[in-house]
Every structure is written in C-alpha cells, then in structure tokens.
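Since the model is a prediction, treat every value here as computed from it, not as a measurement. Naming convention: chains lettered A, B, ... in sequence-line order (proteins, then strands); numbering from 1 in each chain.
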Amino acid sequence: MTKRQKIVFFSVVAAVVALLVVGIVLTNGLYERDATIQETMKDAILHGNDKISLFGLPVNPGLISAYIVTGLLLLFAAIVRIFVIPKFRYVPGKFQTMLEQAVGMFDGLARGNSPHKNGVLGAYIFAAGAYIFFGTLFELFGIPWITINGESVTLPAPLSDINGAIAMGGFTYLFILIGGIAANRGRGLLRGLKEFSLPISMSFRLFGALLSGMLVTELVYYYFALSFVVPVIVGILFTVLHAVIQAYVLSMLTSMYYGEVTEPPVKKTKRSKKIKRGSEVTV
Amino acid sequence: MPLNIDWQQILLHALNFVILFAGLYFLLYRPVKAFMKKRREHYESMDAAAADKTKRAEELKASYEEKLAAADEEIAEKSRRAKAEADEAAAQIRQAAEAQAQAIVEEARASAAREKERMERGARGEIAAIVTQATEKIVLHDSASEAYDAFLNAAEKDDE
C-alpha cells in the first residue's frame, strides 16, 4: 500500500466513523426511556414486567433463552451425529479433534475426581458445562423478543434467571444424591444430605455470577457515553470469561462432590487387645 | 415468592436440562466416547501384537545365540581334541625318530669299531709282514744301515 492509498483509506474510515457518530447522536433523542436505571435493573433481576407468553403461560425471558439454547445444541448434536461421527477417522481432523478434546476433558474430569464411579458423571458435567457455556454466550447475540405487554426485550442468558439457576443447582444436587445412594446406599444418602447447603450455594453462585455480568452490561448500555468501545470489553471479554469460569466451576464441583459421595467406605482394621499373660513381665 | 421464584418455571428449566442432558448423551457424548474407545482398543491390539512379535523375535534371537554358543563350544572342544591328537602323534614320531637315530648312531659306532678293529688287524699284519721282510733283507743281503734305511722306506711307503 502506497502512502497516497493509506491516506485515502484512513480518510474514508474517519469519515464513516464521523457520520455514524453524528447519526447516533441525532437519533438518540427519538427514543425516550420509559424506565429509570433502577427500574431497568430491577426488571433484569425480577422480570416483573417483561413476562413472555409460552403457549399461554407467562414465563421469564430466561426460560425462552434456555429452550432456544437447548434446541440449538440438540440440533448441532444431531447434525454432528448424522453427518460427522460416521466419518470419524483414526487420525482425526481439526473438528474431530475439537469434539474429542471436549468429551475427553469432561470424561477426564469425571475420572479424576470420582475414580470409583463415573459412568454417567462425565456425560452430566459435559451437558452442564455445554449448557452453561453456550447459555452464557447466548446473551451476546441480543436476540429481541416481544413480551406480554407488547414491549421488546433482549433475551438474557438462561442462568441469569433465578429459576434457571435454582433448577440447575437443585438438579445437580439431586444427581449427586442419587449417585451416592446408587453407590453406597444409606451411607451415600447421608453423605449427600450432609452437603445440604450445596443446592443453594450452586444455584446462587451461578445466578450471582451471570446476573452480575448482565447487570454490568445493562448499566453500560443504559448510558449513552458508555456505548462506545466499552461494550467490546464488557460484553465480549467478560461474557466469554465468566462463561468459561462458571462452566468449569460447576463441572469441577459436581465431579468432586459426586466422587466424595460415591467413594466406597474404608474398612477399619480392629486391633487385637488380647495380651498374653505369659508375656507380661513383673518387676 | 421472593425474588420472583416460580416453582413451575424451575420445573420447566429442569425439564429443559433433562432433555438437553439426554440428547447430548445419546447424540454426542456416547458416540464420540465409543469411537475413542474403539480407537484405543485398535492401537492397544496393535501394541500388543508388536510386543508379541518383539517377544518372539527376542526368544528366537536367544535360541540362536544359545546355538551359536554351543557351536563355539563344540568347535573349541574339537580343536582341543585335534591339538591333543596332533601333539600325541608328534611325540610318537619324535620318539620313533629318536629311537631310530639312536639305533643308527649305535650301528655306526659298532660299524666304526668293527672297521677300526679290522684296520688295526690289517695294519698289524702288514707291519708284521714288513718287519719280516726287513729282517729277511737285513739278515740275508745288506748291512745293518742299509737294512735300517730299507726298513724306513718301507714304513714311509706304507704311510702314503
């Protein structure tokens, strides 16, 4: 690229940016906000006014997100199952390597943390990890949806809905409890019940982490001045980071607790207290 | 409910996750894991076959080395035996040669002794004949000096 071409290129880019900024500023006054930041954030947490109709049932937007994410993941899995897996080779290509790495990572996590019983655990944390990761990334797309009140709402991450987080945490606890009972009967049940705080901690950890990300994003988008450059960092970097972190944390915790409740009991060896009288020494 | 917690929606979320879990397990997790297991078994069988072949080759090598060692031992034994036989044969030949040489020497000595005796006997006869002749000449023809000269001449002639 010659010097003249560089000057032309940067001039065009600068002109386009300037025109866009002018357009954004001029069109800002056309849309009046119908809620304060407090109301917006309260709605983001409680979903009091932005219910969506699901076959006539008013539900939070997070549930719609959950169904869309599940649908997309199952569609992807079905396509892979039908078109890709039958063509798997012993020397894998890039996509096959990626799939094998994902499955192998969760399988390894299950085997490492629960060496005694891990048949379904690997599949469970694989599904949970995929759901949390892709569910969190889903909010990046900002898919709009119409609420019951006729307003537009952006679909959030499924687990930023407290009902979704409680379902995930509670179901995971139930899975651990059933695993413990299957492996160690009554002892497994007691070990599971001992961790009674687990569903609450898991649920609210997920909810808190994902909601905080969403609130920060809401906050950033609420103010006009923050709508340049900052969303790139907040929206993408933070979302990707906590998608990875939360998926890893829940998978790791699930496999660790599952390993703990399914661990076979250690038999204590009884020490012989019998003392031979003949061997006693009298002074 | 506080925080807008809705049990119905919790169950709907749980149902959604159960469907996802079952779907991912049957469509993705299990087939991929089954393929990975199949590949691992394939390479393990290849590894086992290679190990078996290596073991058999090592056994074969050991047996060959054993055979080679036995052959070396046999060669050394045969060599030792041949050397012993050769030494024995050489000793016998040497002894025979020494005996033969001894016999030849003794035969030569005996022959020399016999020759010496014969020559002495001959010389004694000739001396006697010369003395007889000289005595006859002295007594019958010449004086004593002539006779003595004739005796000396006759003796010198004999020596030649």
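No more than 12 heavy-atom neighbours from other residues, nucleotides or ligands sit within 6.0 angstrom of CZ on A:F141. For B:E66, the CD atom is loosely surrounded, since the number of other residues' heavy atoms within 6.0 Å does not exceed 12. For B:E77, the CD atom sits in a packed shell: over 12 heavy atoms of surrounding residues, nucleotides or ligands are nearer than 6.0 Å. Dense packing is recorded around CE of A:M98, with more than 12 heavy atoms of other residues, nucleotides or ligands lying under 6.0 Å away.
Within the 4.5 angstrom heavy-atom criterion, no atom of A:A165 approaches chain B. For chain B, the nearby part of A:D161 is the side chain; its heavy atoms alone come within less than 4.5 Å. Contacts between A:V59 and chain B at a heavy-atom distance below 4.5 Å involve backbone atoms as well as side-chain atoms. Only the backbone of A:P58 comes within contact range of chain B, with at least one heavy atom under 4.5 Å from a heavy atom of that chain. Looking at A:I85, the atoms closer than 4.5 Å to chain B (heavy atoms on both sides) all sit in the side chain, from C-beta outward.
We find the CG-CZ distance between B:L24 and A:F76 to be 9.5 Å, quoted to the nearest 0.5 Å. To the nearest 0.5 Å, atom CG of residue B:L20 and atom CG of residue A:L74 are 5.5 Å apart. One distance of note links CG of A:L57 with CG of B:L12; it measures 6.5 Å at 0.5 Å rounding.
Closest non-hydrogen pair, B:H13 versus A:G62, comes out as CE1-O, 3.8 Å. Nearest heavy atom pair, residue A:N163 against residue B:D6, reads OD1-N, 2.8 Å. What you find for B:F21 and A:A123 is that their closest heavy atoms are CE1-C, 3.6 Å.
Aromatic ring centres of B:F17 and A:Y124 lie closer together than 6.0 Å.
Between B:F35 and A:E100, some side-chain heavy-atom pair lies under the 4.5 Å cut-off. The side-chain heavy atoms of B:L27 and A:I82, taken from C-beta on, include no pair separated by under 4.5 Å. Side-chain contact between A:Y131 and B:N16: present, with at least one pair of heavy atoms (C-beta onward) separated by less than 4.5 Å.
Among B:L11, B:L28, B:I19, the residue making the largest number of heavy-atom pairs under 4.5 Å with chain A is B:L28. Between chain A and the options B:L15, B:V32, B:V18, the largest number of non-hydrogen pairs under 4.5 Å is found for B:V32. By number of non-hydrogen pairs under 4.5 angstrom with chain B, the leading residue of A:L73, A:L174, A:V120, A:D107 is A:D107. Comparing B:P31, B:A14, B:G23 by how many heavy-atom pairs each has under 4.5 Å with chain A, the most go to B:P31. Considering only heavy-atom pairs separated by less than 4.5 Å from chain B, the leading option among A:P158, A:P92, A:G71, A:G122 is A:G122.
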ask   = For B:K38 and A:Y90, what are the C-alpha separation, side-chain angles and deciding distance, and is it a side chain to side chain contact (heavy atoms under 4.5 Å, CB included)?
value = CA-CA 9 Å; B:K38 184 181 153 193; A:Y90 282 154; 3.6 Å; yes
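B:Q9 places no side-chain N or O within donor-acceptor distance of the main-chain N or O of A:G164, the cut-off being under 3.5 Å.
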